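What follows is a short report on a single structure.
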Amino acid sequence: MKKMKLRGKTAIVLIVLLVVAVALNVAWSDYTQREQAEAEMLEKARILSYEMDAVWEFMDMNQDRIDTDSDGSYNFKGLYCAIAGKSIAKILQRDTNYVIRYTNLEPRKKASASDAYESDAIREFNAGTASEKYGIETYDGQEVFRYVAPIYLEESCLDCHGGPAGELDVTGYPKEGMAVGDLIGVTSIIMPIDIYMAGIQDNVTRQVGYFSFVIVMIILAVYALITRLITRPLTEVESAVDQMENGNFEVNLEGIKGNGEIKDLAVKFDVMAGQLQTLYGSLEEQVKLRTAQLESANDLLEEQRSQLAQMNEELQAENQYKSDFLAIMSHELRTPLTSIIAFTEIWQQANAHRTEDEVAAVKEVKENGQLLLQMVNNILEMARVEAGRNELSVEPFDMMDLIGLVERSLGFLAERRSISLSTVVHPDVPIITADWEKIRRIVENLASNAIKFTRKGGSVCIEVSYQKEAERLAIAVSDTGIGIKEEDLPIIFERFAQSDRSAYRRYGGSGLGLAVVKELVEMHGGSIEVESVYKQGSTFTVFIPTESGQGEE
């Protein structure tokens, strides 16, 4: 289809359109002619029904005269309206193939029993939903037109069909006990439609033949016009394009046989060919100039790349120097801080008498020393991460022991701030295999942050649960503190990032705690989430993957 020429495509489109139009016309013509034929058959059936009703009425009017002898005595001759109607119907059927039946749901003779179509009509007449029933149906394997009209009981019919019910009438059949206006039966007319269908088929055949001839003529005319006015001039343009592809720009389409847009296209094509010839003449010179410019640009880029590489090496060296400096300084600071905390604990555990001021001063020294030690530990941990020397030391342990240790180490800070610190470890939490020290640091950093940013009288809760379906540990640290603004949530895990500078100046902090937590959590293959409402509190949840049944509950 893609390689087919314009003439072929146009011819196919025209054929399809015209065939569709012919099909629609044939379908519409067949439908309208069927409607017309059905209307004609309905009118004929009604007239035939009226004629049969006239026979019944004639017999009813002359029934007494027929059954009265010349001497005036009554003598039933056996000739009545039903017999006359059925006899005339048989004669009509013999000569015309029309079938006229008088039927009922419960007829006096089995031969007069109604079929399914007539039974449906009788039920509709009894229900009062129709006054007649007609349509094209199948009867004895053939398509026919069927018409059913009701017959209602008149006063003259009471002698045979009135009351009392069960009494034999003059014909020897028991009376039905009907009243005037009751449905006594129906007139069923069956008409062949062969002649109508044959006429419709002949009309459709003639239309198809006529339109087929018109289609062929239109296609031939359109094909000739397209060839002369479009495809032939386009073929000349295509030949000119082939010449230009081979480097020959001296083409001339002024004498092309075309009109309108085709002629305009040829003129513009000539102009384009001249412009291309001019451009092609100076193309080699432009290529040389561009090549020289590209070589110069490449040399400049290479020089810049070398400078960037040198700067990158210097930055890496400076970064390594910074990490080494932080690690050395943090390590050097930890030793005296540890000694200070140890000696304060020894001083507190001594039984010597102390004044309240001395106890408060030593307690202050111990608390601030532990806070400073935590900050130093965070700096040292971050320096190890940057240096790539931070590794996991996994071992099995019980979270109950770890949470208890954190609670004891941070209890003094919560007590000092009058903050309620509570811990919950669910009974289904198993023994896990992870780095004890790093998990402790994660929980301790989150809990100390929560205590630090919670006002006096607030609460902090550490809750550890086990998500069996996801096979991971969930450590949630929630507080009723100052919370975090929504716009600051994306940056709280960055190093030295502080969501509120004034708050950090008030509560203290280096901005490394959450960054360290995130690094340690990701080393375990876990994740951390935060939910916070400003001035109402925050909840940090850490997820540490584990295996179900790794230890006893």
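Quick caveat, the model's predicted, so the values are computed rather than measured. What's counted below: heavy atoms across the whole structure, side chains too, no hydrogens, waters or symmetry copies.
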Could you list the donor-acceptor pairs under 3.5 angstrom formed between side-chain atoms of residues 45-53 and any protein atom two or more places apart in sequence or on another chain?
{"unit_1": "Arg46", "atom_1": "NE", "unit_2": "Glu132", "atom_2": "OE1", "d": "3.4"}
{"unit_1": "Arg46", "atom_1": "NE", "unit_2": "Glu132", "atom_2": "OE2", "d": "3.4"}
{"unit_1": "Arg46", "atom_1": "NH2", "unit_2": "Glu132", "atom_2": "OE2", "d": "2.4"}

Query - Derivation and outcome, side-chain contact (heavy atoms from CB on, under 4.5 Å), residues His161 and Leu153 - result: CA-CA 8 Å; His161 300 283; Leu153 193 70; 3.8 Å; yes

Please check if the number of heavy atoms outside [X] that lie under 6.0 Å from its [atom1] is greater than 12.
X: Tyr31; atom1: OH; value: no
X: Met311; atom1: CE; value: no
X: Gln467; atom1: CD; value: yes
X: Glu35; atom1: CD; value: yes
X: Glu40; atom1: CD; value: yes

With side chains defined as the heavy atoms from C-beta onward, is the minimum distance between [X] and [Y] less than 4.5 Å?
X: Met191; Y: Val144; result: no
X: Leu308; Y: Arg305; result: no
X: Leu446; Y: Val542; result: yes
X: Val517; Y: Val521; result: yes
X: Glu143; Y: Ile136; result: yes
X: Val186; Y: Ile151; result: no
X: Asn104; Y: Ile122; result: yes
X: Phe125; Y: Val148; result: yes

Requested in this report: Give a yes or no on whether a salt bridge exists between Arg34 and Glu38, defined as a side-chain N under 4.0 angstrom from a carboxylate O.
Outcome: no

Requested in this report: Go through the steps to decide whether Arg123 and Asn126 satisfy the test side-chain contact (heavy atoms from CB on, under 4.5 Å), and finish with yes or no.
Outcome: CA-CA 5 Å; Arg123 283 189 284 269; Asn126 282 325; 5.6 Å; no

How many angstroms lie between [atom1] in [X] and [atom2] in [Y], if you round to the nearest 0.5 Å?
X: Arg146; Y: Lys133; atom1: CZ; atom2: NZ; answer: 10.0 Å
X: Ile475; Y: Phe543; atom1: CD1; atom2: CZ; answer: 10.5 Å
X: Ile190; Y: Tyr117; atom1: CD1; atom2: OH; answer: 10.0 Å
X: Leu392; Y: Thr433; atom1: CG; atom2: OG1; answer: 12.0 Å
X: Glu137; Y: Asp115; atom1: CD; atom2: CG; answer: 10.0 Å
X: Ile544; Y: Met523; atom1: CD1; atom2: CE; answer: 11.0 Å

Query raised in the report: Is the cationic atom of Lys86 (NZ for Lys, CZ for Arg) positioned less than 6.0 Å from the six-membered ring centroid of Tyr102 and within 45 degrees of its normal?
Result: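 Because its charged atom misses either the 6.0 Å distance or the 45° angle limit, Lys86 does not stack over Tyr102.
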
Query - Tyr147 and Tyr134 aromatic ring geometry - parallel, tilted or perpendicular at 30°/60° bounds - result: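 Taking Tyr147 first and then Tyr134, their aromatic rings lie parallel (interplane angle under 30°).
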
Specify the closest pair of heavy atoms between [X] and [Y], including all atoms of both residues, with the distance to one decimal.
X: Ser131; Y: Pro150; value: O-CD, 3.2 Å
X: Ala476; Y: Thr541; value: CB-OG1, 3.9 Å
X: Tyr466; Y: Glu471; value: OH-CA, 3.9 Å
X: Ser119; Y: Ser114; value: OG-OG, 2.9 Å
X: Leu473; Y: Ser465; value: CD1-O, 3.6 Å

Query raised in the report: Any sub-3.5 Å donor-acceptor pair from Ser532's side-chain atoms to Ile484's backbone N or O?
Result: yes

Requested in this report: Without swapping roles, check the side chain of Asp479 against the backbone of Gly481 for a donor-acceptor pair under 3.5 Å.
Outcome: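 Yes; judged by distance alone, with no hydrogens or angles, the pair exists.
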
Query raised in the report: Any side-chain donor-acceptor pair under 3.5 Å between Ser478 and Thr539?
Result: no

Query raised in the report: Are Thr187 and Ile100 close enough, and set up right, to give a side-chain contact (heavy atoms from CB on, under 4.5 Å), and what steps lead you there?
Result: CA-CA 7 Å; Thr187 302; Ile100 301 177; 4.3 Å; yes

Report task. For Ser188 and Thr103, run side chain to side chain donor-acceptor pair (under 3.5 Å): C-alpha distance rounded to whole Å, both residues' side-chain angles, the deciding distance at 0.1 Å, then the answer. Result -> CA-CA 7 Å; Ser188 177; Thr103 67; 5.8 Å; no

Query raised in the report: Does the pair Lys44 and Tyr98 meet the rule for a side-chain contact (heavy atoms from CB on, under 4.5 Å), with working shown?
Result: CA-CA 11 Å; Lys44 186 179 291 186; Tyr98 280 39; 3.3 Å; yes

